[in-house]
Chemist: 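Have a look at this one before I ask anything.
Only heavy atoms go into these numbers, but all of them, side chains included; no hydrogens, no water, no symmetry mates. Numbered from 1 within each chain, the chains take letters A, B, ... in sequence-line order. From a predicted model like this one, the values you see are computed outputs, not experimental measurements.
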Amino acid sequence: MKLTRRSFIKAAGATGVIAVGATGSKPMLQALAESNGTEKAKSMQGEWRPTVCQGCTTWCAIQVYVVNGRAVKVRGNVNSKSNNADGKVCPRAHMSLQQVYDPDRIKTPMKRTNPKKGRNEDPKFVPITWDEAMNEIADRFLELRKNNEPHKFVLMRGRYTYLREILYGAFPDLIGSPNSISHSAICAEAEKFGSYFTEHNWDYRDYDLKNTRYVLLWGADPLASNRQVPQALKMWGEVMDNAKVAAVDPRLSATAAKADDWMPVIPGEDGALAVAMAHVILSEGLWYKPFVGDFVDGVNRFKQGATVDPETFSEKYTYGIVQWWNLELKNRTPEWAEERSGIPAEQIRKVARGFADAAPRAISWLAPGTAMQVRGGYAAMASHALNGLVGSTDNVGGAIRKSSIPTNGIPDLKPFMDDIAKVGNDHKKMDQRGYKEFPAMKKGKSGGGVVTNRLADGILQEDPYDVKMAIGYWNNLPFSCSGASRWEEALTKLPFFVHITTNPAEMTMFADIVLPAAQSVFERLGYIKSKAGTIAWLAMNQRVIDPVWDVRVDETEIPYMIAEKLAEKGFTNILDYFNSFKDPETGKNPANSWEFTEHVLKIMTQPVWDPAIKSNGDQFRGWQEFKKIGVWNSEPYKFRNKWDDFGTDSGKFEFYSESLKHALEKHAKKHNTDVDDIMETTKYTARGELAFVPHYEEAYRWGDESEYPYIFFEHRSRLNREARSANCEWYQEFKDVDPGDEKWGDVAKVNPVDAAKLGLKSGDNVRLTSPTGKIECTVKIWEGVRPGTIAKCYGQGHWAYGRVAANDFKKHMPRGGNNNELLPADYERLSGSTARHGGVTRIKVEKV
Amino acid sequence: MTKVVTSNQSRANIYKLLSLCYQPPYEDLDNIVSSLREEIDKLPAIKYKIGTLAEELASCISDLEHTKVDHAKLFIGPFDLLAPPYGSIYLEGKRKVMGDTTMEVMIKYQEAGLKLDDEFKEPPDHITIELEFMYYLIFKELQGQETNEYQTEFLINYLEPWVGEFCHRIIQNAGNDFYKLLAKITASFIKADMKVNSLVC
Amino acid sequence: MPNYAMVIDLHKCAGCGACAITCKNENNVPEGMYWSNYIHRTRGKFPNVRYEFVPTLCNHCEDAPCVKACPVGAMYKDENGLTLHNPDKCIGCKACVQADPYGVIYYNEEKPHNFWSDKEEAIEKGTSSGKEVKEKYDAPFPFYNPDRAKTYAGVRPKGIVEKCTLCDHRIKDGDVPYCVASCPSGARVFGDLDDPKSEINKLLNKYSYFKLGENFGTKPKVFYIREF
Ligand code: SF4
Ligand code: SF4
Ligand code: SF4
């Protein structure tokens with residue numbers, strides 16, 4: 001029945017009750033009408049809710065399509081202004097659906113009942129309640145504190161949101177442990193080393209793809225990985241229309257496949273190419289004079305072999321160009337580099353010229369492939385220094401930084417730190433950072449950065465002391481760290497280990513207590529900061545569906561619950577501190593772990609959502625609106641802001657790094673020695689001043705060529721959600737989108753020339769053996785790798801994690817083999833990085 | 001009847017009556033307005049704020065023709081609208097981060113199982129429709145459906161963000177008191193409703 | 001009536017596979033079937049190697065051999081030029097599968113999405129099973145997309161075939177096919193071949209194009225422009 005206005009009012013008059021009662025169950029509508037079933041079906045059935053994808057470190061702002069409480073689809077957040085604009089995401093994002101609904105997720109807290117640990121021990125996990133779990137954990141903490149050894153607790157962090165400030169930041173501090181150990185050094189710290197010691201930027205760079213005319217990729221595969229994937233995917237057609245692309249990569253990567261020039265460098269010899277390109281650019285007078293400056297009389301003295309008088313050159317925004325030439329570049333000809341890198345001199349020249357011709361709109365894109373090598377620190381510097389030579393650093397069409405993102409810290413915790421904690425915090429960290437052989441000079445400070453992979457040795461050698469208890473979250477170190485077997489031993493040795501995880505990961509198998517974590521895309525709260533295409537953003541992980549299981553947010557809820565238990569048992573400091581986190585809007589204190597989580601999030605992100613605070617980007621009307629939109633975008637990046645003062649020791653872009661010299665000298669002094677000795681200890685060959693300029697270092701490899709004839713190198717998958725997606729069916733079904741790879745498979749890619757020598761054909765099973773480990777996988781004969789090298793993608797080879805990832809979960813049988821069981825634990829020691837690239841080991845291949 | 005139910009009835013009715021007030025005025029306008037006053041009187045929290053305004057409103061619709069002209073100038077045209085009654089006009093400029101708000105409200109209606117009435121030829125973000133939608137949601141709540149969150153969401157994200165400015169424009173531009181008062185009532189009611197419903201957090 | 005078609009710009013295509021993954025997502029396609037698919041190959045000798053990637057899908061041929069082959073009219077051309085399949089009429093004889101030269105029609109040999117009926121647990125009582133997760137939700141499987149059921153069986157039962165419908169359920173609502181919407185590179189463009197002003201016609205006028213199996217006489221409506 002359709003009611004007119006008139007009858008509406010009449011009905012009102014009659015009953016005095018207008019809305020209800022007058023016509024029974026029918027609302028009275030004029031402008032709207034109830035639609036019948038078919039029309040309802042036509043309409044959208046669900047709602048797009050904002051959250052974050054952390055499938056890789058792009059950290060995309062995304063939206064999830066939710067129908068009746070189920071997550072059904074994923075897209076980019078349409079409110080994004082760069083990376084995810086128009087709802088774009090990379091292929092990985094969609095797989096998160098199969099992660100959250102993965103039947104192999106841990107659904108309840110569990111406790112180990114088999115005291116024996118080891119890969120082949122069944123932990124005999126049994127379900128326990130959250131309360132039981134917290135009870136046991138709290139008792140362990142109290143025990144440590146009672147014995148004045150709270151520092152013997154280690155917190156191992158993996159992937160994170162910025163709510164890490166609680167579990168990784170405040171919590172160990174208040175317990176009394178300095179051992180908050182992050183995963184960062186297995187990720188890409190050596191890359192930051194390159195941009196830091198040239199231009200004081202300890203961060204990943206952004207790139208202005210829109211305006212660029214040349215992209216030179218150093219082991220970077222932006223169409224598949226490396227921190228702005230959707231942006232690169234979206235822009236690449238245009239990039240290839242407007243610019244030339246050269247890819248330095250031992251493997252025909254996704255991006256190399258589309259590049260103008262593929263430079264299949266011999267693994268680990270990237271530095272030779274970089275210095276040779278610099279040589280070409282200088283000797284042919286192609287450097288960008290408005291940035292670097294010129295010879296006073298305009299005559300180019302950079303002649304091969306010639307030493308140049310620094311007085312003859314007048315530099316502008318750079319420092320040490322002549323020293324760099326004299327110390328390193330003068331004889332680094334393309335012909336010299338050809339011998340080392342395997343890349344024809346002509347191609348080196350061509351690329352160097354093309355790159356410099358595009359100046360300053362030329363990007364030298366530094367990535368882990370070139371940096372995460374035993375001697376990769378200087379290769380990272382050299383390839384990044386090319387941005388200095390062509391004036392593209394911080395410039396239109398070049399390699400830039402990110403706009404600032406305003407956030408708050410957490411409240412001061414000092415008042416809550418007791419004496420036991422203070423004493424505990426004064427101990428050395430377990431990862432041996434700052435030791436003579438591990439300078440780990442994050443931001444120039446000896447021991448300033450983490451040496452993640454060394455923690456295993458620290459635990460095993462009890463150096464600096466023994467560890468009694470550990471908590472790990474969002475990580476899987478015995479899978480993701482090279483020299484993986486050391487981790488299995490170290491975890492076996494740990495007397496008490498708690499793993500907070502979504503899946504029964506390899507690491508979980510060594511746990512005493514397992515706690516189910518909220519899945520990062522759909523179930524948690526948190527926030528991230530990222531950048532791409534000149535825009536920086538802050539986006540929030542939000543709970544867009546009811547959690548599938550009884551899970552908790554690792555970074556905030558679990559420490560809160562432990563704090564509650566500790567308070568119950570008499571140690572109230574941590575709970576007191578947590579309860580002091582007031583909701584910035586209502587001023588209320590938290591009443592439970594979830595409210596606490598919300599308060600932390602609101603406090604930290606307040607500068608972007610509070611309408612009273614003016615930010616350098618989107619403004620919101622308040623928390624509610626920000627929650628709904630889900631992403632804050634900065635204003636576009638302002639170019640050339642850093643040129644006048646880069647913040648280095650000289651204030652300039654340093655080709656001769658005073659900053660590195662200073663840092664190395666300090667580290668040497670700390671250990672009563674000189675820089676040459678430090679170079680030797682850290683496996684570098686440079687002596688004297690060479691240590692202060694970007695220079696070539698011969699690749700460092702494990703294994704003798706006669707016994708291990710093949711150089712092994714690994715690469716990333718465009719489907720890896722940081723090795724957490726292998727239990728997704730779609731991962732396996734589409735694994736062949738990685739050039740050369742196979743569906744459901746784990747293949748060692750072998751050049752046909754070598755395959756013929758070895759008598760191998762595609763599909764054969766082989767054992768790969770390095771000096772430190774062996775794995776089995778299948779062979780794929782493929783032209784996309786150089787003869788003498790064997791490439792394999794990282795990501796498969798799980799012997800746990802779930803029934804899809806593993807070949808046989810119950811029998812611990814892996815699907816293929818994990819590269820990290822083959823790779824030795826070695827380091828780029830100046831940054832603390834794990835050296836997984838550059839062909840760090842040789843291997844032999846046997847048919848099985 | 002519990003207190004909540006009573007007040008929800010009044011809330012529903014007020015939304016509905018306000019919605020009617022923004023349609024072109026006819027003879028029944030005084031009925032609508034007096035009902036509006038009655039309903040406002042039933043809600044102490046609101047009465048104390050806008051009770052007098054509602055009384056005044058009831059006493060100032062003597063000249064219907066005049067009111068019609070005013071309505072047309074403010075909301076219909078044909079020339080520049082003095083107070084365009086469409087949400088998107090206000091939202092697009094201000095909230096550049098939002099996509100197409102018009103489409104979004106349409107989706108909200110669809111999710112609630114509604115469509116636009118064929119005879120009511122206005123875009124989905126028209127004030128009449130948005131107010132009626134709120135009425136509908138509260139109505140459904142009274143029938144036992146859980147629509148509270150929807151109400152909150154719609155109010156916060158779609159209605160409240162533009163109503164203030166819209167009403168301000170009416171107050172600035174209206175020729176007689178009727179629409180000025182109506183605008184004041186509308187703005188205060190919606191603001192108050194966000195609080196009563198503890199919608200602001 | 002529109003005559004729907006798709007243009008795929010291989011220059012923009014990055015070979016990422018998002019189209020293939022998301023098609024499964026949108027259309028509830030079971031394991032082992034690929035309505036949206038791709039062909040790739042590596043040619044040449046190191047170091048002069050070319051990798052090529054060609055995304056594929058049902059070509060919605062004007063002269064569709066599968067339609068001709070279907071004995072019961074289950075495979076048919078609709079008024080918008082789409083090659084569609086009626087699951088109610090389908091008798092599962094697989095004549096279409098035989099006739100289709102592109103291999104884009106799949107037969108449901110098993111009960112689809114069996115994964116979600118499985119009762120095995122990785123860790124007894126500590127992790128769950130496909131069945132247990134599924135039973136928490138009122139759907140054939142947890143991330144089942146109900147929108148698919150607007151115009152086709154939401155999940156196609158055992159014993160009949162299934163194929164790409166060019167996302168007719170989305171087109172009908174004014175949306176583009178999901179693989180087009182989710183291609184991060186903007187390589188896929190959907191439109192009306194009979195509308196001279198459509199984006200696809202603009203592209204086809206600007207670039208030379210090719211189609212798959214042009215000599216099959218099928219008149220495919222998926223066009224490829226430029227090079228990978
Ligand atoms: S996997 Fe990485 S690039 Fe892809 S959507 Fe997620 S965060 Fe973005
Ligand atoms: S048009 Fe739709 S059904 Fe066809 S391949 Fe694309 S996503 Fe799949
Ligand atoms: S989604 Fe787009 S870019 Fe990726 S493979 Fe498909 S067509 Fe190519």
Chemist: Heavy-atom distances under 4.5 Å only: say whether A/Val89 touches chain C with side chain, backbone, both or neither.
Modeler: backbone
Chemist: As an exercise, state the distance from SG of C/Cys16 to CG of A/Leu223, rounded to the nearest 0.5 Å.
Modeler: 9.0 Å
Chemist: Under 4.5 Å between any side-chain heavy atoms of C/Lys125 and A/Met110, yes or no?
Modeler: no
Chemist: For C/Phe141 and A/Tyr101, run ring pair (Phe, Tyr, Trp, His ring centres under 6.0 Å): C-alpha distance rounded to whole Å, both residues' side-chain angles, the deciding distance at 0.1 Å, then the answer.
Modeler: CA-CA 9 Å; C/Phe141 57 93; A/Tyr101 294 119; 9.5 Å; no
Chemist: For the candidates A/Lys73, A/Arg105, A/Met95, which exhibits the highest count of non-hydrogen atom pairs separated by less than 4.5 Å from chain C?
Modeler: A/Lys73
Chemist: With a 4.5 Å heavy-atom cut-off, do A/Pro103 and C/Ser128 have their side chains touching?
Modeler: yes
Chemist: Is the number of heavy atoms from other residues, nucleotides or ligands under 6.0 Å of C/Glu199 CD greater than 12?
Modeler: yes
Chemist: Would you mind checking which part of C/Arg43 comes under 4.5 Å of any heavy atom in chain A, side chain (CB onward), backbone (N, CA, C, O), both or neither?
Modeler: neither
Chemist: Picking from C/Asp138, C/Asn145, C/Thr151, which has the most non-hydrogen pairs under 4.5 angstrom with chain A?
Modeler: C/Asn145
Chemist: In Å, rounded to the nearest 0.5 Å, how long is the span from OG1 of A/Thr108 to CD1 of C/Ile123?
Modeler: 11.0 Å
Chemist: Answer with side chain, backbone, both or neither: which region of A/Val785 has an atom nearer than 4.5 Å to a non-hydrogen atom of chain C?
Modeler: backbone
Chemist: Does this structure show an ion pair linking C/Glu52 with A/Lys258, if we count only N-O contacts that are shorter than 4.0 Å?
Modeler: no
Chemist: Given heavy-atom pairs under 4.5 angstrom as the criterion, report whether the side chain, backbone, both or neither of A/Asp241 touches chain C.
Modeler: both
Chemist: With a 4.5 angstrom heavy-atom cut-off, is it the side chain or the backbone of A/Lys810 that approaches chain C, or both, or neither?
Modeler: side chain
Chemist: Measure A/Asp104 against the heavy atoms of chain C and call it side chain, backbone, both or neither at under 4.5 Å.
Modeler: both
Chemist: Could you give the distance from CD1 (A/Ile545) to OH (C/Tyr137), rounded to the nearest 0.5 Å?
Modeler: 5.5 Å
Chemist: In terms of heavy-atom pairs under 4.5 Å, which option from A/Met235, A/Lys234, A/Arg718 contacts chain C the most?
Modeler: A/Arg718
Chemist: If you count heavy-atom pairs under 4.5 Å between each of C/Glu120, C/Glu26, C/Glu121, C/Lys134 and chain A, which one has the most?
Modeler: C/Glu120
Chemist: Return the option, out of C/Ala18, C/Cys13, C/Ala122, C/Pro47, with the maximum number of heavy-atom pairs under 4.5 Å with chain A.
Modeler: C/Ala122
Chemist: For A/Trp236 and C/Ser185, which I'm curious about, is there any donor-acceptor pair between the side chains at under 3.5 Å?
Modeler: no
Chemist: Can you find a pair of side-chain heavy atoms, one from A/Phe125 and one from C/Glu124, that are under 4.5 Å apart?
Modeler: no
Chemist: Need one label for A/Phe809: side chain, backbone, both or neither, based on atoms under 4.5 Å from any heavy atom in chain C.
Modeler: side chain
Chemist: Under 4.5 Å from any heavy atom of chain C, what part of A/Lys88 do you find: side chain, backbone, both or neither?
Modeler: side chain
Chemist: Do other residues, nucleotides or ligands put more than 12 heavy atoms under 6.0 Å from the CD atom of C/Glu31?
Modeler: yes
Chemist: Output the option from C/Cys19, C/Ala20, C/Gly130, C/Ala187 having the highest count of non-hydrogen pairs under 4.5 Å with chain A.
Modeler: C/Ala20
Chemist: Can you tell which of C/Gly17, C/Ala14, C/Gly186, C/Ala149 has the highest number of heavy-atom pairs within less than 4.5 Å of chain A?
Modeler: C/Ala14
Chemist: Look up atom CH2 in A/Trp262 and atom CZ in C/Arg50, then write down how far apart they are to the nearest 0.5 Å.
Modeler: 12.0 Å
Chemist: Look only at the side chain of C/Thr127 and the backbone of A/Ile106, and say whether a donor-acceptor pair between them is shorter than 3.5 Å.
Modeler: no
Chemist: Mind checking whether C/Asn25 and A/Tyr65 have side chains closer than 4.5 Å, heavy atoms only?
Modeler: no
Chemist: In terms of heavy-atom proximity below 4.5 Å to chain C, should A/Arg75 be classed as side chain, backbone, both, or neither?
Modeler: neither
Chemist: Please report the C-alpha distance between A/Val74 and C/Phe143 in whole Å, then the side-chain angles of each, then the deciding distance to 0.1 Å, and finally whether the side chain to side chain contact (heavy atoms under 4.5 Å, CB included) criterion is met.
Modeler: CA-CA 11 Å; A/Val74 171; C/Phe143 48 91; over 6 Å; no
Chemist: Quick check on A/Asp86 against chain C: is it the side chain, the backbone, both or neither that has a heavy atom closer than 4.5 Å?
Modeler: neither
Chemist: Taking C-beta and beyond as the side chain, do C/Tyr38 and A/Val737 meet within less than 4.5 Å on heavy atoms?
Modeler: yes
Chemist: How about C/Asn205: does its CG atom have over 12 heavy atoms from other parts shown lying under 6.0 Å from it?
Modeler: yes
Chemist: Can you tell which part of C/Lys45 gets under 4.5 Å to a heavy atom of chain A, answering side chain, backbone, both or neither?
Modeler: both
Chemist: Salt bridge (Lys or Arg N to Asp or Glu O under 4.0 Å) between A/Arg803 and C/Asp118: does it pass, once the steps are laid out?
Modeler: CA-CA 12 Å; A/Arg803 292 165 300 146; C/Asp118 177 44; 3.0 Å; yes
Chemist: Please classify the contact of A/Pro739 with chain C as side chain, backbone, both or neither, using a heavy-atom distance under 4.5 Å.
Modeler: both
Chemist: Report yes if the side chains of A/Glu733 and C/Met33 come closer than 4.5 Å at any heavy-atom pair, otherwise no.
Modeler: no
Chemist: Is there side-chain contact between C/Phe115 and A/Val804, with heavy atoms separated by less than 4.5 Å?
Modeler: yes
Chemist: Looking at C/Lys12, C/His40, C/Lys24, which one has more heavy-atom pairs under 4.5 Å with chain A than the rest?
Modeler: C/Lys24
Chemist: Do other residues, nucleotides or ligands put more than 12 heavy atoms under 6.0 Å from C/Lys77 NZ?
Modeler: yes
Chemist: Checking the side chain of C/His11 only, and the main-chain atoms of A/Gly237 only, is there a donor and an acceptor separated by less than 3.5 Å?
Modeler: yes
Chemist: Would you mind checking if A/Lys107 and C/Glu132 are paired as a salt bridge, meaning a charged N to carboxylate O distance below 4.0 Å?
Modeler: yes
Chemist: Given a strict heavy-atom distance threshold of 4.5 Å, which part of A/Val126 is in contact with chain C: side chain, backbone, both, or neither?
Modeler: neither
Chemist: Would you check if the distance from the ring center of A/Trp782 to the ring center of C/Phe46 is below 6.0 Å?
Modeler: no
Chemist: Check whether any side-chain heavy atom of C/Pro146 lies under 4.5 Å from a side-chain heavy atom of A/Arg70, and answer yes or no.
Modeler: yes
Chemist: Rounded to the nearest 0.5 Å, how far apart are CD1 of C/Ile21 and CG of A/Leu97?
Modeler: 11.0 Å
Chemist: Less than 4.5 Å to any heavy atom of chain A: does that hold for the side chain of C/Arg41, its backbone, both, or neither?
Modeler: neither
